[in-house]
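To start, the structure itself, in structure tokens.
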Amino acid sequence: MARLDADTLEERWRIHFKVPFEHDFDWPGVLGVHGNGFLYVVTGAKLAKIDPATGAHRTIDLPEHPGGFGAAYNGFVISRSGDIIAKSLERGRPLVNSLPGLYAVKESGIPAFLVSVDADTLEIKAVVETPEPVLGRVMVDGQAPDEFVYLPGLTHVWRYRLGPDSLTLDPSWNPQYVFRGNSRARPAAC
């Protein structure tokens with residue numbers, strides 16, 4: 001990651017985030033700008049907070065399944081309270097002829113980790129394991145006075161209630177996908 005001067009294109013600073021391919025799931029990272037003025041980047045199973053003026057940064061490791069052969073966090077969202085909400089993808093064991101990204105996650109059957117991280121301190125406030133792998137992006141929505149996190153899984157859309165230090169599965173809300181035609185058909189990984 002680098003910061004360039006918009007007028008001269010001169011490089012101001014550069015940061016390298018090393019994600020070892022042998023261990024971590026090689027997945028594109030995501031950069032976001034928080035309302036607190038800091039930049040946040042997720043790559044592999046690492047989350048970094050970056051001072052945009054200097055490039056000074058702090059990185060934390062996000063949860064991974066032991067023996068899962070590496071997790072990747074494919075993006076994040078910011079809650080109303082300013083917390084960073086992210087979820088993992090686990091590819092399972094690497095194959096000689098490796099499967100394409102999301103298909104490998106689907107085939108692994110390894111559930112995702114859903115995490116809530118304090119944006120200022122980078123303290124992990126809550127971690128839960130989802131009922132199934134989650135291929136799509138994490139979404140957050142506020143319905144006063146509550147805030148919910150939505151996750152599109154393989155068979156259901158899962159909803160979690162976001163608390164100050166908790167993520168709680170909402171058992172009253174988890175619509176199952178309806179498959180038309182061949183009841184054995186499942187949507188392709190997207």
Quiz prompt | Any donor-acceptor N/O pair, Arg58 side chain to Thr121 backbone, under 3.5 Å | solution = yes

Quiz item: Which pairs count as ring pair (Phe, Tyr, Trp, His ring centres under 6.0 Å) when at least one residue sits in residues 116-141, sequence neighbours excluded?
Solution: none

Quiz item: Are Leu31 and Leu4 grouped together when hydrophobic residues (ILVMFWY) are joined by side-chain heavy atoms under 4.5 angstrom apart?
Solution: no

Exercise. Compare all side-chain heavy atoms of Arg3 with those of Ile50 and state whether any distance is below 4.5 angstrom.
Key: no

Self-check item: Expected output: side-chain His34 to main-chain Asn36 donor-acceptor under 3.5 Å
Solution: yes

Quiz item: Mind checking whether Phe113 and Lys87 have side chains closer than 4.5 Å, heavy atoms only?
Solution: no

Quiz item: Going only through I, L, V, M, F, W and Y residues with side-chain contacts under 4.5 Å, is there a path from Val77 to Leu151?
Solution: yes

Quiz item: Sub-3.5 Å donor-acceptor pair from the side chain of His65 to the main-chain atoms of Ala71, do we have one?
Solution: no

Quiz item: So do the side chains of Pro175 and Arg159 get within less than 4.5 Å of each other, counting heavy atoms only?
Solution: no

Quiz item: Would you say Leu39 and Met1 make side-chain contact, with heavy atoms under 4.5 Å?
Solution: yes

Quiz item: Side-chain heavy atoms under 4.5 angstrom apart, residues restricted to Ile, Leu, Val, Met, Phe, Trp, Tyr: same cluster for Val30 and Phe38?
Solution: yes

Exercise. Take Val115 and Tyr73 through the test side chain to side chain contact (heavy atoms under 4.5 Å, CB included) and record every step on the way to the result.
Key: CA-CA 10 Å; Val115 299; Tyr73 282 74; 4.1 Å; yes

Practice problem: Compare every heavy atom of Leu167 with every heavy atom of Ser116, then report the nearest pair and how far apart it is. | Solution: N-CD1, 3.9 Å

Quiz prompt | Under 3.5 Å: donor-acceptor pair, side chain of Trp13, backbone of Pro52 | solution = yes

Quiz prompt | Main-chain N/O of Ile110 paired with Glu90 side-chain donor or acceptor, under 3.5 Å | solution = no

Quiz item: Any side-chain heavy atom of Leu62 within less than 4.5 Å of one from Ser88?
Solution: no

Quiz item: Looking at side-chain heavy atoms only, is the closest gap between Asp83 and Val117 below 4.5 Å?
Solution: no

Quiz item: Any donor-acceptor pair under 3.5 Å linking the side chain of Glu147 with the backbone of Arg80?
Solution: yes

Practice problem: Measure the shortest side-chain to side-chain distance between Asp5 and Arg12 over non-hydrogen atoms and say whether it is less than 4.5 angstrom. | Solution: yes

Quiz prompt | ring pair (Phe, Tyr, Trp, His ring centres under 6.0 Å) involving Phe76 - partner list, sequence neighbours excluded | solution = none

Self-check item: Taking every non-hydrogen atom, the tightest pair across Glu132 and Thr130
Solution: O-OG1, 2.7 Å

Quiz item: If we only count heavy atoms from C-beta on, is the Tyr40 to Ile84 side-chain gap below 4.5 Å?
Solution: yes

Practice problem: Calculate, to the nearest 0.5 Å, the distance between atoms CG and CG belonging to Asp141 and Asp146 respectively. | Solution: 10.5 Å

Exercise. Supply the atom-to-atom distance Arg161 CZ to Ser166 OG, rounded to the nearest 0.5 angstrom.
Key: 9.5 Å

Quiz item: Got a second to check how far Lys106's NZ is from Leu135's CG, nearest 0.5 Å?
Solution: 8.5 Å

Quiz item: Could you state the interatomic distance from CG (Asp118) to CD1 (Ile124), rounded to the nearest 0.5 Å?
Solution: 11.0 Å

Quiz item: For Tyr150, what residues pass the ring pair (Phe, Tyr, Trp, His ring centres under 6.0 Å) criterion, not counting sequence neighbours?
Solution: Trp173

Practice problem: Check each of Val41, Ile60, Thr59 against Lys46 using the side chain to side chain contact (heavy atoms under 4.5 Å, CB included) test, and report the only one that passes. | Solution: Thr59

Quiz prompt | Cluster overlap Leu162 with Trp158, hydrophobic side-chain contacts below 4.5 Å | solution = yes

Practice problem: Give the minimum heavy-atom separation between Ile85 and Ser79, together with the two atoms involved. | Solution: CG1-CB, 4.3 Å

Quiz prompt | Joint hydrophobic cluster, Ile78 plus Leu114, side-chain heavy atoms closer than 4.5 Å | solution = no

Self-check item: Heavy-atom pair with the smallest gap, counting every atom of Pro131 and Tyr160
Solution: CD-OH, 3.3 Å

